[in-house]
Structures are given as C-alpha cells and as structure tokens.
Amino acid sequence: MKLLIKGAHLIDGHHAFNKDIYMENGKIEEIGEDLDCDCQWIDAKGLVLLPAFVDIHAHFRDPGQLDKEDLVTGGMAALKGGYTFVNLMGNTDPVCSNMETINYVRDKARDLDLVEVHQCASITENFDGGSLEHLDRLDKDVRMITDDGKGVASTLSMYRAMEKARDRGIIVMAHAEEMDLTQIDYRLSENLETVRDIYLAKHTGARLHLTHVSTREAIEEIRRGKADGADNITCDVTPHHISMWDKEYRVNPPIRGKEDVEALIEGIKDGTVDAIGTDHAPHTPEDKEKGSPGISGIETSFQICHTHLVKAGHIQMGQLVRLMSENPARILGLNKGRLEKGYDGDVVLVDLDKESQVHPDRFVSKGKNTPFSGLKVQGEIILTIRGGSIKYMSKECGEERLYDNR
Ligand code: DOR
C-alpha cells in the first residue's frame, strides 16, 4: 500500500513546512519536495496535514450498551473526528475486568479495521471498589487501568492498585471523584481525590494519568506535583471543559466556572496539561432525559479545540497537535503523533478556514447528546488516513482530490 500526499502544509509539534509526504507499508517513508511515485496520490493544496489524533479517553459502550454506541459507529465517528486511535474506558456491560471481555473488544475492533483501539481494564473488579486480584490475570499488553465513570473510594485499594500497576509497568487513569462528597460539593470531590492520587503516585512511584481535569485547584495541584519532580504524573482536559462555563448540561465532571476554564487554558499554555481527551460519552435521548451524564464529543473535538484554543489566540497549531496527537501517543506508548520517517502513516487533512455549525443529527455516532448544537466552529476534517490508507473522506471535498498514477 503506497500513498503520496502532495502540496499540503505539514504541521506537527516540531515542524511546519510545505512538503510532500509519502507513505508505504503503513509507515511514513519520506517527507520532501516534489516527490513522485507510481501510486495513488492526493492533491492537498490549500489544506493542512497533521498527525492523526489519539483519543486518550472514549466510551464506545461495546459490549452491552449498543443502543448508545458500538465499535462500528464509535469507530466511524472517531475517524470523522480525525482520530485513528482510541483508548476505550471499561465501564461496559460486562465491565472490562477480564481478558475475555477485553479480547472481545480487541478482536471486533481488529476485524472492523476502522480505528485502532486499546481497551482499558477496570482498576477494581467489576467496579466493586475493592477487589484487585483480576489485575494479576491481565495480559502484559493491557497498558492502562481505570474505573472511569466512578472514583475509587477506598484509598487503600487505590494504593494497592498503584503498587500492582507500578510492578507491571502500567498506567492508572484516575477519574478523580470522591463519590460520597459529590452530593455536597462536586468541586471538593474532584480536588480531594486529585490530591490523594498525586500523593499516592509520588509514594508508590506508579504512573498516574488524571483524566478530564476540570477545576482550577486540581490543575494547580498537578502543576505543583510536576514541579516537585513527579515525572510519573500526566493529565488531560476535555474540549467541553476548556470552552464552556456556567452552563447547565449534565456531564461528569460538571461544566465549571470561567476562572476554571482560564486556569485549564493556562495549564495548556505552560505545559501542565499533557493531552486533550474527548471523554466521548454517547447516550440515548431517553437515558439523557433520565439524567445520564456525558457528551458525544469525538466528532467535534478538533473543531472546538481549534476554534477555542488556536483561533482564540491561546496556542499555536503545533501545540494543539502535541495535545491531541503526540502526547497522548507518547503516554500510551504508540509510534504515532509525529510527522517523521518511521512513524505510523496516520495523518489527517484539515481545511482550517472552513466554517460550519455543529449539527448533532449529522453525527455518525449513535449519541446525539451535545451542548454544542448550533455552535459555529472553524476547521473541518477532510480526510483521515490510517496506516497509509484512506479511512474517512468528507463528502464535500474528498473525492475530487484523489488521483491514481498506477
Ligand atoms: O460524563 C461522563 N460520562 N463522565 C464520566 O466519567 C462517565 C461518562 C459515561 O460513561 O457516560
């Protein structure tokens, strides 16, 4: 499989230049001027080419909640959003606490050949809050554990889980929510578990990834932890927590205040925040009506971040690429996220000037639950390429750019 993309402006976290890019056998083979080959090629003049995005946090609801999403619709939604890799949460039905369930997800995703997936295992068995023996039975290639959707209430269980994770060389992803306190103060609830988990990670030496960080205090604690030399701690923020404040929309953690949004953006600018994760959480209209928290966000993530971070003048495109591609890939140990020879041929072509409006009825995800409906955004995904083959093409301007030299 060979593919040449000509005429795009290439941007990653380290370069920005007008060059052609040639991919062969799934990898980036050459980046240079006036490249030629007897193969399929794309005329990408006027478009920007980025390393495809890596979502460190998504829910595809498969197995068990297929009325909300499944690996087919989730995979197609991810590709439409410019993602070629998703790290899936384990709050499925059954919960991903054993290799049988994890292998079901892996095998189905491999057969579908849409996006690549890593399926997280739960920290506590079936989210029971305490049992950890199942961690000893996981295959070595399970790289991350999380009870996302719930906090781990028992400090001792979290401590023991971190010891096991450290010994196995895997990452603990923390959904920092002190569940008993949520009813009193959701802010305190996030802050307390954030501090606790940073202390536990420092003490045990385990790798800790704090996900969907949403408060000013939590970001400050993470900044302090990192400044103290804790290089085993990373974190992500979501597109919705960096672009909205004081809005009533049911999601966990909740939409916060303006000063929290400002603090998260400050954290992005100074490098405290490592990654942007979508927390793509599709629900049926009925479940949403009943109060299920979450946002179907994988199709709008780039547009929201481009509009609210880059267009708003907070960061440059290269830094957005680090947050959406390079850093999540590095955390997950993937050969993705950079435009250099030898990296996976996972790239995305975007039209940065294209303005559009968010229309949830056009989502390919089953989840139409979004607070961004009707929002004007800038930037559109035109083509998503994984391993050198085209996996998504926008209806509007995809096909007319495709040529075959063979
Ligand atoms: O809003 C959320 N929805 N936050 C979570 O942590 C879980 C997720 C879900 O699974 O619906």
Side-chain angles (χ1 to χ4, degrees), residues 55-71 73-74 77-78 86-97 101 105 117 119-124 126-127 129 144-153 172-179 181-183 186-187 189-191 193-194 197 209-215 218 235-244 247-256 260 275-298 300-301 304 360 363 365-372:
D55 194 357
I56 197 154
H57 187 144
H59 301 262
F60 280 7
R61 313 294 193 203
D62 196 348
Q65 296 181 303
L66 306 186
D67 49 342
K68 294 178 193 267
E69 194 77 291
D70 58 46
L71 284 156
T73 52
V86 291
N87 183 42
L88 297 177
M89 301 298 104
N91 62 342
T92 46
D93 184 13
V95 172
C96 285
S97 297
T101 312
V105 176
V117 310
Q119 176 59 62
C120 291
S122 63
I123 298 175
T124 65
N126 298 319
F127 283 15
M144 197 184 264
I145 53 173
T146 181
D147 275 6
D148 182 71
K150 280 169 123 182
V152 175
V172 176
M173 178 191 265
H175 167 112
E177 177 181 351
E178 218 290 49
M179 306 288 286
L181 274 183
T182 303
Q183 48 179 322
Y186 208 132
R187 185 175 196 89
S189 157
E190 176 171 344
N191 295 344
E193 279 208 1
T194 301
D197 291 346
H209 182 83
L210 292 143
T211 194
H212 52 46
V213 178
S214 73
T215 68
C235 73
D236 71 71
V237 298
T238 70
H240 43 278
H241 289 116
I242 52 134
S243 61
M244 282 192 300
K247 190 173 166 85
E248 287 295 321
Y249 193 89
R250 185 91 174 86
V251 62
N252 272 351
I255 301 303
R256 305 286 187 186
D260 297 296
I276 287 169
T278 65
D279 196 0
H280 175 70
H283 289 292
T284 61
E286 297 74 38
D287 288 345
K288 207 58 202 159
E289 190 85 355
K290 285 187 220 141
S292 296
I295 292 173
S296 178
I298 208 160
T300 51
S301 167
I304 301 289
F363 285 0
S365 166
K366 291 182 191 174
K368 314 296 178 197
N369 45 305
T370 175
F372 295 120

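It should be emphasised that the depicted structure is a prediction, and the values quoted were computed from it without experimental measurement. One-based numbering, in listed order, for ligands and for the atoms of each.
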Is it true that Glu190 and Arg256 make a salt bridge, defined as a side-chain N closer than 4.0 Å to a carboxylate O? yes
Can [X] and [Y] be counted as having a side-chain donor-acceptor contact under 3.5 angstrom?
X	Y	result
Ser97	Ser122	yes
Asp148	His57	yes
Asp70	Thr73	yes

Chain-and-number sorted residues having a heavy-atom contact under 4.0 Å with ligand 1 are His59, Arg61, Asn91, Asp148, Gly149, His175, His212, Val251, Asn252, Asp279, Ala281, His283, Pro293, Gly294
Considering residues at least two apart in sequence or located in another chain, which fulfil the salt bridge (charged side-chain N to carboxylate O under 4.0 Å, His left out) criterion with Asp260? Arg187
Using a 3.5 Å distance criterion without hydrogens, assess whether the side chain of Asn91 forms a donor-acceptor pair with backbone atoms of Gly149. no
